[in-house]
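Every chain is numbered from 1 and lettered A, B, ... according to where its sequence line falls, protein lines coming before strand lines.
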Amino acid sequence: MNYDHKKIEKKWQKIWEDQDLYKADDNSKKKKKYILDMFPYPSGAGLHVGHPEGYTATDIYSRYLRMNGFNVLHPMGWDAFGLPAENYAIKSGVHPAESTNKNINTFRRQIKSLGLSYDWSREVNTSAPDYYKWTQWFFLFLYKQGLAYKKKAKVNWCDSCQTVLANEQVVNGKCERCGNEVVQKDMEQWFFKITDYADKLLEGLEKIDWPEPIKLMQKNWIGKSEGASIKFKIVDFRFQIEVFTTRPDTLFGATYMVLAPEHELVAKLKDKITNWKEVEEYIKETKKKSDLQRTDLNKDKSGVKLKGVKAINPANNEEIPVFIADYVLASYGTGAIMAVPAHDERDWEFAKKFNLEIINVINPYPVSPAVTSIHSIKTPFNTTEEIDKKTKQIIDGKEVWEGVGILRNSNEFDGMDSEEAKKAITKKVGGKFKMQYKLRDWLVSRQRYWGAPIPIVYDPDGNPHPVEEKHLPLELPTDVDYQPRGTSPLDSSKKYKTLAEKLYGKGWYFEIDTMDTFVCSSWYYFRYSDPKNEKEFAGKKQLKKWMPVDLYVGGAEHAVLHLMYARFFTKALHDAGLIDFDEPFLKLRNQGMILAEDGRKMSKSLGNVINPDDVVENLGADSLRLYEMFMGPLEDTKPWSTQGIVGVRRFLEKIIKLQVTNNKPKDSSLLNKTIKKVTDDIENMKFNTAISAMMIFVNEAQKEGVSKDDFTKFLIIFAPFAPHLAEELFESLSHKESIFLQSWPKYDEKLIKDENINFAIQVNGKLRDSIEVLSDISEDETKEKALASDKIKKWTEGKEIIKVIFVKNKLINIVIK
RNA sequence: GCCGCGAUGGCGGAAUUGGUAGACGCGCAGGACUUAAAAUCCUGUUCCUUCGGGAGUGUGGGUUCGAUUCCCACUCGCGGCACCA
């Protein structure tokens, strides 16, 4: 038989579809598993060879689970709203719905050509009204829970294009389209209150099986830090300055304060400030700067002293100056800081520039293992001389010390440990212990067309009201002009205006912003459990049946945003009593990136893109699947190799050519080992070594021949990897039923054990000989045999044997002198 | 700058709790088949070597009978965050 992959693959894809082989059964009594891929954005470029990597991995796993008796939900859909379709519309005039549907059709055809075992009856499309009806429902749900609100916020604005830009459209502080400098503009925006869930999002990480680096990235994103909030009085003024600090122990070293330029107190202090013109000018300058310019670490610290304003350090009642400076961010903490130049690098830089007092209040600890272990810190010092030198530099104000240590220059706290002093000093000045988070609320409104409309209606006075559920979906109007004109394109729809007045009365109007596409993708995994439900986003019974997701596979680029948002939605539903679990994805694995053959990223402009269609056409879907799994570990970044894929194609051809005999096998040891290895490797998602084990089996079978029995079992474990070919060969062995309805073979422990093993003999840890022996051989017998070896005698002759190390079934090491 | 991940032949990569480094595949070399080539099959393939052996998993140290694996200090590459007080 020659390998006509096109014929075989087409044939079986049709049969599988006709038999509905991969349908997830809502009524089955079998145990369920929910295996999910991150659904793709159907871009105009079509499927990338990176997509099939994760898809094949979950497909192998899903098929494996079904053959092990599980009822598997394995769905696919489209993350179909987004900016590229809208940009394309602006350029070409083609409606986003039209180009998106075209792209979806391409993606669906491409994905189907890979023989993936999706239940296509559950396909979802986030841009379809029957889907975004529920995206809108989720908005209203959060709104009613008090988790959605509106406030003024800065957005990226391009003056020349007259449009708001998404963060991705801002490249190095400039507009992606015209290259103009991007500025910040205040506009009313909708937010989701994800910050309410900061602690829950943090705690939840403990109980889910996710890659540690991903958990860490989420932790850092949430950015919880422990500290104190302390109030500073202002001389002759009724308001106080509240600061957040993680280092209240350094309070005696606070020699000045800094407010963010946007801080509300600045305006209130106007009458006291004697250099108001200068201050005003600085605030104006700051507003002009983009975030990128402001946060450029390389730039010099800048700021202006608020002349005429003095604050009082509550620790020692010293009067200290107050500044505004853009290195203090309005959005974090209280937007004001106490500056301790001796113990904070940024304050130190600022103090140097403005010639401010630097008072050292913490000395580093001397070198002592006891101290370093108590504080679990690494001391950067090796000798007493080093620490003395450093301490002198610090005391002289020549160097910053940000570590822990012993207090000085702090009155009654002198000599105290800095950790202890955090509590003591906070207490003394009446401060409050506080947690602070970097996590910000999620800005969800977009001044864009191609997204789910926000279901809010305004009365003639401009007060927002939720659109009633009975009016959902609030459909995206089609009579719009996509050309950017400074507001959302929905503003141009007459029908949208008419509809609002028809439903609510004269002067009423809908919100014209749409939702961030991340909102759509924050709940799609619920919808697969009950995709056609018109009454709920998913039925209670179906949710209970399928959720949560048992395995979720996708790119690491979603480590923070998508995965955090999805967890937030799930937790909000849980708290409202709508679901009984609070983490959506029990197990997460990331796939690595597939690079071009030259080791660079695949890109059109570099002309190094591999099109999956060509690979399927020339070598077949089975070869593509197998190759992508064989390239290396799933999570690794690895380059494509046109030569390499030839290897797996040869492997497939070799299987076809195997001589299948009817003889009973002499020894099925290798088959049993292969079954065990492949089973274990699938469980651990180590597909590359599973394939290599199957190659070893086939190489052996090629030399020795293989019995029909053994070959059948081999085909079954091989089937999840190369489903079309496995099914074809299975049929050729006169089976009438699909190979995927067979149960997974068990291996026999007894047959796995080798009778003879190759035993290594080392002398002083170096391999000198090896002997064939029966397994489970005793130490004494091994030793005897080892010492009898001519090769070993050469090494041990005239030497004293100090000891012999024996490792069962592995090696013996003779230590000589 | 901070956090994380990684570095093994010519290449992609293997190596249970520390136990025979280089599985499997690609490439390459030689051979068989062929008028010839392709395909296929067989053999070899870490480097050095005076053929005894020696060196070797980014670099330098350490622990151990024994280290790709554990510890310390670096170098380089990739990813994330980035004035978060």
Side-chain angles (χ1 to χ4, degrees), chain A residues 211-221 223-225 227 243-247 250 254 258 260 292 294-299 301 325-329 331-340 343-347 349-350 378 382 402 436-440 556-557 559-560 590 592-593 597 599 626-627 630-633 635-648 650-651 653-654 657 680 686 688-696 698-699 702-703 758-770 794 802-816:
Chain A
E212 279 311 315
I214 303 292
K215 287 192 191 179
L216 245 140
M217 278 165 78
Q218 294 220 342
K219 262 183 211 167
N220 293 339
W221 190 263
K224 183 174 183 169
S225 58
V243 302
F244 172 76
T245 175
T246 53
R247 295 300 300 271
T250 63
V258 187
L292 216 98
R294 262 188 84 166
T295 55
D296 183 4
L297 282 157
N298 296 324
K299 85 174 163 80
K301 293 267 180 299
D326 65 3
Y327 83 92
V328 171
L329 308 171
S331 51
Y332 184 77
T334 60
I337 60 155
M338 64 178 217
V340 185
H343 304 290
D344 182 286
E345 181 122 21
R346 298 153 299 178
D347 297 345
E349 263 177 54
F350 190 84
K378 271 191 238 161
N382 295 315
E402 293 187 314
Q436 195 57 243
Y437 303 85
K438 285 185 203 173
L439 184 71
R440 314 277 171 78
E557 68 272 20
V560 183
N590 292 118
M593 214 193 322
E597 211 143 5
L626 210 56
Y627 175 60
F630 187 60
M631 289 171 87
E635 64 278 8
D636 283 14
T637 299
K638 40 211 176 285
W640 184 267
S641 163
T642 304
Q643 290 282 6
I645 193 167
V646 170
V648 297
R650 277 183 204 151
F651 169 56
E653 286 169 354
K654 220 187 260 187
K657 280 191 269 178
D680 291 351
K686 288 163 74 173
N688 54 333
T689 48
I691 293 167
S692 121
M694 290 189 285
M695 283 172 167
I696 292 170
V698 169
N699 286 343
Q702 188 189 28
K703 282 188 199 121
N758 194 323
F759 213 90
I761 310 173
Q762 297 184 333
V763 177
N764 281 353
K766 281 200 183 358
L767 182 73
R768 294 306 181 189
D769 199 4
S770 64
K794 223 170 54 190
I802 300 169
K803 63 172 153 177
V804 176
I805 312 269
F806 175 80
V807 182
K808 199 182 162 193
N809 288 342
K810 290 265 190 212
L811 60 74
I812 186 161
N813 186 13
I814 303 163
V815 186
I816 59 163

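Remark: the separation of the C1' atoms in B:U68 and B:G13 is 14 Å, to the nearest Å. Remark: the separation of the P atoms in B:C78 and B:U17 is 31 Å, to the nearest Å. Remark: the separation of the C1' atoms in B:C70 and B:U49 is 34 Å, to the nearest Å. Separating the C1' atom of B:A39 from that of B:C33 is a span of 11 Å, rounded to the nearest Å. Nucleotides B:G27 and B:G6 place their C1' atoms 25 Å apart, quoted to the nearest Å. For the C1' atoms, the distance from B:A7 to B:U59 is 11 Å, rounded to whole Å. To the nearest whole angstrom, the two P atoms, one in B:A38 and one in B:C28, are 11 Å apart. B:G60 and B:C76 have their C1' atoms separated by 15 Å, with the value rounded to a whole Å.
Using a 4.5 Å heavy-atom cutoff, the side chains of A:Asp344 and A:Glu402 are in contact. Residues A:Phe630 and A:Ile645 fail the side-chain proximity criterion, which asks for heavy atoms closer than 4.5 Å. Counting heavy atoms from C-beta outward, A:Ile691 and A:Tyr627 have side chains that stay 4.5 Å or more apart. In this structure the side chain of A:Glu635 never reaches within 4.5 angstrom of the side chain of A:Pro211, judged on heavy atoms. Looking at A:Lys654 and A:Asn699, their side chains come closer than 4.5 Å, going by heavy atoms from C-beta outward.
Between A:Met695 atom CE and B:G12 atom P the separation is 17 Å, expressed in whole Å. Distance A:Asp636 CG to B:U8 P: 11 Å, rounded to the nearest Å. Counting to the nearest Å, the C1' atom of B:A21 and the CG atom of A:Leu811 are 13 Å from each other. At whole-Å resolution of the value, NZ in A:Lys301 and P in B:A85 are 14 Å apart. The CG-P distance, from A:Asn590 to B:G4, rounds to 17 Å in whole Å. Between A:Lys638 atom NZ and B:A7 atom P there is a gap of 14 Å when expressed in whole angstrom units.
Its glycosidic angle being more than 90° from 0, B:G80 falls on the anti side. Here B:G52 is in the syn range [glycosidic angle within 90° of 0].
In this structure, the side chain of A:Lys224 does not engage the main chain of A:Leu439 through any donor-acceptor pair within 3.5 Å. No donor-acceptor distance shorter than 3.5 angstrom exists from the side chain of A:Gln436 to the backbone of A:Gly227, with no hydrogens or angles considered.
For the OP1/OP2 pair of B:A85 and a distance below 4.0 Å, the side-chain nitrogens and oxygens of A:Ser225 include at least one atom meeting the criterion. Considering only side-chain N and O atoms, A:Arg650 lies under 4.0 angstrom from the phosphate OP1 or OP2 of B:G27. For A:Asn688, no side-chain nitrogen or oxygen approaches OP1 or OP2 of B:G12 to under 4.0 Å. For A:Asn699, a side-chain nitrogen or oxygen approaches OP1 or OP2 of B:G25 to under 4.0 Å.
If you take CE on A:Met695 and CG on A:Leu626, they are separated by 6.5 Å, rounding to the nearest 0.5 Å.
With distances taken from any side-chain atom of A:Thr245 to the nucleotides B:A85, B:C24, B:G25, the minimum falls on B:A85. Closest to the side chain of A:Lys654, out of B:U20, B:G25, B:A85, is B:G25. Across B:C81, B:C26, B:G19, the shortest atom-to-atom separation from the side chain of A:Gln643 is found for B:C26. Distance from the side chain of A:Ser692 is smallest for B:C24 among the nucleotides B:C24, B:C83, B:G13. Relative to the side chain of A:Gln702, the nucleotides B:A85, B:C42, B:C81 differ in distance, and B:C42 lies closest. In this structure, of B:G4, B:A85, B:C83, it is B:G4 that holds the atom nearest to the side chain of A:Leu216. Among the nucleotides B:C83, B:G25, B:A14, the one closest to any side-chain atom of A:Pro633 is B:A14.
Counting any heavy atom pair closer than 4.0 Å across all strands shown, A:Ser641 reaches no nucleic acid atom. Residue A:Lys794 is classed as a sugar-phosphate contact, given heavy-atom separations below 4.0 Å to backbone atoms only. Nucleic acid contact for A:Thr689: sugar-phosphate only, since backbone atoms but no base atoms lie under 4.0 Å from a heavy atom of the residue. At the heavy-atom level, A:Asp347 lies nowhere under 4.0 Å from the strands shown. Heavy atoms of A:Arg768 sit under 4.0 angstrom from primed sugar atoms or phosphate atoms, though from no base atom. Backbone-only engagement by A:Ile696 is indicated by non-hydrogen atom pairs under 4.0 Å involving sugar-phosphate atoms exclusively. Contact annotation for A:Ser331: no contact, since no heavy-atom pair falls under 4.0 Å across all strands. Among the protein residues, A:Lys215 comes within range of no part of the nucleic acid, since none of its heavy atoms lies under 4.0 Å from any strand.
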N/O contacts under 3.5 Å, protein versus nucleotides 65-67 of chain B?
unit_1 : atom_1 : unit_2   : atom_2 : d
B:C65  : O2'    : A:Asn813 : ND2    : 3.4
B:C65  : O2     : A:Asn813 : ND2    : 2.5

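Contacts classified as side chain to side chain donor-acceptor pair (under 3.5 Å) and involving residues 212-221 of chain A (residues at least two apart or in different chains) are given here: A:Gln218-A:Arg567.
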Pair pattern of RNA chain B in dot-bracket, where unpaired bases get dots and | marks partners in another strand, Watson-Crick or G-U under 3.5 angstrom:
(((((((..(((......[....)))((((((.......))))))(((....)))..(((((..]....))))))))))))....
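Cation-pi contact between A:Lys301 and A:Tyr327: present, with separation from the ring centre below 6.0 Å and deviation from the ring axis of at most 45°.
When each of A:Met631 and A:Gly333 is assigned the nucleotide of RNA chain B with its nearest heavy atom, A:Met631 is the one assigned upstream, toward the 5' end. Residue-to-nucleotide proximity on RNA chain B shows that, of A:Ile691 and A:Ala336, the 5′-proximal contact is made by A:Ile691.
Residue A:Ile761 is tested with A:Leu767, A:Ile812, A:Asn813 for a side chain to side chain contact (heavy atoms under 4.5 Å, CB included); the sole match is A:Ile812.
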